Amino acid sequence: MELTRLRGFVDWLGAGSLAMLKAEAAARALMPRYGVGEIRVPALERIQLYQRSTGETSDVVEKQMYTFSDRDEAETVVALRPEGTPGVVRAYIEGGLDRSDPEQRFFYSGPMFRRERPQKGRYRQFYQFGVEVFGRADAACDAELLIMIDDYCKSLGLPARMEINSIGDPTCRPAFREALVKWGREHWNELCADCHKRIDRNPLRLLDCKIDAKLAESAPSSLDYLCPDCRAHFDTVRGTLDSVGVRFQVNPRLVRGLDYYTRTAFEIMAEGLGAQSTIVAGGRYDGLVEAMGGAAVPGIGFAIGLERVALALEAANLVNGTVIDAVVIAMGDAAIRQSALIAHRLRAAGLAVEMTSALRKLKASLSRANKIGARFAVIIGEDELARGVVQLRDLAQSTQREVAVGEVAAAIAEAGRN
RNA sequence: GUGAGUGUAGCUCAGUUGGCAGAGCACCGGAUUGUGGCUCCGGUGGUCGAGGGUUCAAAUCCCUUCACUCACCCCA
């Protein structure tokens, strides 16, 4: 086949698409209960948006974005969004909400694009469901989002591990960062080549290096460097989670990849995913709105990796197939109108129904009904049509009886109870 | 960007020392005139990833290349 899909791009169908649907539907279902409304923003933005927010030196911006010149007079350079937060923040500021009505809660859902080397749980187009809250600096808000995530995992029945940390703010992080760099230079000879680069580039990343994990245990801990405000904030987050019974672990080596994060950072990990086990991640970004030209409004958010949740659901055997209650089979053209009407009524009664026309053989239609797991087959031939009845076949029990056209739904409801 | 592994039917895979391209599942048909599953019988389906080389002969050996997967990295 010549016209194959692009590397790292995925066709979701069958069981996989059911898992994706479940992962997203569970998140959507939660939003009204937390007072979070949907925001729909473009998938294409100016490249500068990501350079200024995500971070010029982050891998995401530096080498993973899909960018091209738009064919306008200015040859605007645009990028497919590699993440959701910058677009939402832009829309928030552009809509003037930072000044007129700063406290807002949004969710978004859609594809993101990063040109990475694909592997399990990592694709070049991937779907994120994210929540962003603006105008709330208090720790109760952090806790509320973590409770929401806990709720999400529980509603899916998905076992997951929550890790949280505080990475400080502009008051205290510089000192911590400095301490890390100092530590890194002292242990230069023991660190891996990647860590040598990290010291200048992103020293916080020294902490979660897989190769130097053992050594990193002796590195300075962000928690020891928190200023009084950050410490109090983090204590309140933890205490609130405890009071609600949300289970979590404090991981002082947990950091965030993107530049704009402050204070609370968190990740939720699931089993059965290989190396990319983080299904949800996020944190507070109090300086971001202002840095992007808006008012000084705090913010916090997270994103769910829907593919990763879907994979975890499949690994945990938590995806069930679609259920068709009945297949309505028209034997010959004359019965098609009647079968359509009956199917329509059954659906109105809340049943899942598939229509088929036995143009070849009734056998083939029944075989189809069996294959898709239908409990009932409603068979209408010329004889039944003339007499105003149908054959109602119970495929699970291999029994069959004649039912008047108007009583099919009731008969199925009754038989279904047995 | 780096490394390792794997490419044979739609899917999962076997294929011995180089010697006729195979199985199971799926699909289609029949046994059954308008009755599914289970069983039995039959059938469709192949550029052995691609290109080159060695050889009387290559899925098998050699070279090149492409793709996929996993991991590093990065991150959701």
Side-chain angles (χ1 to χ4, degrees), chain A residues 1-2 4-8 10 14 23 27 54-55 57-64 82-85 109-131 149 192-195 197-198 201-202 205 208-211 254-258 261 266-270 273-283 301-312 327 329-332 335 356 358 360-385 391-400:
Chain A
M1 188 179 175
E2 223 172 304
T4 55
R5 64 180 197 274
L6 256 24
R7 168 166 229 203
V10 183
T54 310
T57 59
S58 69
D59 278 18
V60 170
V61 167
E62 201 168 47
K63 40 195 179 193
Q64 298 177 353
E83 58 151 339
T85 303
S109 185
M112 306 295 159
F113 303 84
R114 292 182 199 172
R115 199 181 181 291
E116 297 178 86
R117 190 83 169 253
Q119 70 183 76
K120 187 171 190 171
R122 187 171 77 184
Y123 311 103
R124 291 181 173 183
Q125 175 176 333
F126 59 102
Y127 288 81
Q128 283 192 338
F129 186 103
V131 172
I149 294 166
C192 69
D194 284 322
C195 279
K197 285 183 236 160
R198 290 182 177 113
R201 231 177 117 77
N202 193 350
R205 279 282 169 205
D208 66 349
C209 176
K210 285 180 188 170
I211 298 168
L254 173 71
V255 297
R256 300 278 69 225
L258 308 178
Y261 286 107
F266 48 88
E267 274 184 46
I268 286 73
M269 273 80 77
L273 278 171
Q276 309 294 330
S277 60
T278 299
I279 56 171
V280 185
F302 66 82
I304 302 168
L306 293 180
E307 287 86 351
R308 292 182 182 180
V309 172
L311 289 171
V327 168
I329 303 168
M331 303 281 297
T356 104
R360 296 204 50 166
K361 296 245 159 131
L362 175 58
K363 191 187 185 102
S365 293
L366 282 168
S367 182
R368 164 79 187 166
N370 188 66
K371 185 182 167 186
I372 63 177
R375 170 78 192 272
F376 297 97
V378 178
I379 305 163
I380 311 151
E382 292 194 14
D383 176 48
E384 287 81 7
L385 189 60
Q391 300 297 332
L392 178 61
R393 182 165 184 81
D394 186 328
L395 294 166
Q397 299 189 355
S398 294
T399 58
Q400 184 168 324

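Owing to the predicted nature of the structure, the values given are computational and were not obtained by experimental measurement. Every chain is numbered from 1 and lettered A, B, ... according to where its sequence line falls, protein lines coming before strand lines.
Residue-level contact check: A/Glu62 touches neither bases nor backbone, having no heavy atom under 4.0 Å from any strand.
Nucleotides B/G29 and B/G22, compared at atom C1', are 23 Å apart to the nearest Å. As rounded to the nearest Å, B/G34 and B/A26 have P atoms that lie 24 Å from one another. Taking atom P in both B/C48 and B/C11, one finds a spacing of 15 Å when rounded to whole Å. Taking the P atoms as reference points, B/C70 lies 28 Å from B/C27, given to the whole Å. Using P as the reference atom, B/G43 and B/G7 are 30 Å apart when rounded to the nearest Å. Spacing between B/U16 and B/G52 at atom C1', rounded to whole Å, works out to 27 Å. Here the separation of B/A14 from B/A9, taken at their P atoms, is 12 Å to the nearest Å. Going from the P atom of B/U32 to that of B/C68 covers 50 Å, rounded to whole Å.
Distance CG (A/Leu392) to C1' (B/G34): 16 Å, rounded to an integer number of Å. In this structure, CZ of A/Arg368 is placed 16 Å from P of B/A26, rounded to the nearest angstrom. Between the C1' atom of B/G34 and the CG atom of A/Leu362 lies a distance of 5 Å, rounded to the nearest Å. Atom CZ of A/Phe376 is separated from atom P of B/G36 by 18 Å (rounded to the nearest Å). Per the geometry, NZ belonging to A/Lys361 stands 17 Å off P belonging to B/C27, to the nearest Å. Between the CZ atom of A/Arg115 and the C1' atom of B/G1 there is a distance of 10 Å, rounded to whole Å. Between A/Ile380 atom CD1 and B/U35 atom P the separation is 17 Å, expressed in whole Å.
The salt bridge (Lys or Arg N to Asp or Glu O under 4.0 Å) test applied to A/Glu307 returns no partner, not counting sequence neighbours. Checked against salt bridge (Lys or Arg N to Asp or Glu O under 4.0 Å), A/Arg124 has no partners two or more places apart in sequence or in another chain. Remark: A/Glu116 engages A/Arg122 in a salt bridge (Lys or Arg N to Asp or Glu O under 4.0 Å) (not counting sequence neighbours). Taking A/Tyr261 as the reference, nothing meets the ring-ring contact (aromatic ring centres under 6.0 Å, His included) condition, with sequence neighbours excluded.
Using modelled atom types, one finds no donor on one side chain facing an acceptor on the other under 3.5 Å when comparing A/Glu83 with A/Gln128.
Between A/Phe129 and A/Val309, every side-chain heavy-atom pair lies at or beyond the 4.5 Å cut-off. Side-chain contact check for A/Pro82 versus A/Gln64: every heavy-atom pair is 4.5 Å or farther apart. Contact check for A/Glu267 versus A/Ser277: no side-chain heavy atoms found under the 4.5 Å cut-off. Residues A/Lys63 and A/Arg114 fail the side-chain proximity criterion, which asks for heavy atoms closer than 4.5 Å.
Under the Watson-Crick and G-U wobble criteria, each requiring two contacts below 3.5 Å, nucleotide B/G45 is left unpaired. Applying the Watson-Crick and G-U wobble criteria (two distances, each under 3.5 Å), B/G36 pairs with nothing in any strand. Judged by Watson-Crick or G-U wobble contacts below 3.5 Å, the nucleotide B/G7 has B/C66 as its partner. When Watson-Crick and G-U wobble pairs are counted only if both distances are under 3.5 Å, B/U60 pairs with no nucleotide at all. Across all strands shown, B/C13 pairs with B/G22; the Watson-Crick or G-U wobble distances both stay below 3.5 Å. In this structure B/G1 sits in a base pair with B/C72, meeting the Watson-Crick or G-U test at under 3.5 Å.
Under the 4.0 Å criterion applied to side-chain N and carboxylate O atoms, A/Arg201 and A/Asp59 are assigned as salt-bridge partners.
A distance-only check finds no donor-acceptor pair linking the side chain of A/Arg393 to the backbone of A/Gln400 [under 3.5 Å].
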Atom pairs under 3.5 Å, N or O on each side, protein against nucleotides 37-46 of chain B: can you list them with distances?
from, atom 1, to, atom 2, distance (Å)
B/G37, O4', A/Asn370, ND2, 3.0
B/G37, O6, A/Ser398, OG, 2.4
B/G37, N1, A/Ser398, OG, 2.5

> What is the per-nucleotide protein-contact pattern of nucleotides 67-76 of chain B, from the 5' end, where B denotes a base atom under 4.0 Å from a protein heavy atom, S denotes such proximity for sugar-phosphate atoms only, and - denotes neither?
Replying inline: -S-SBBBBBB

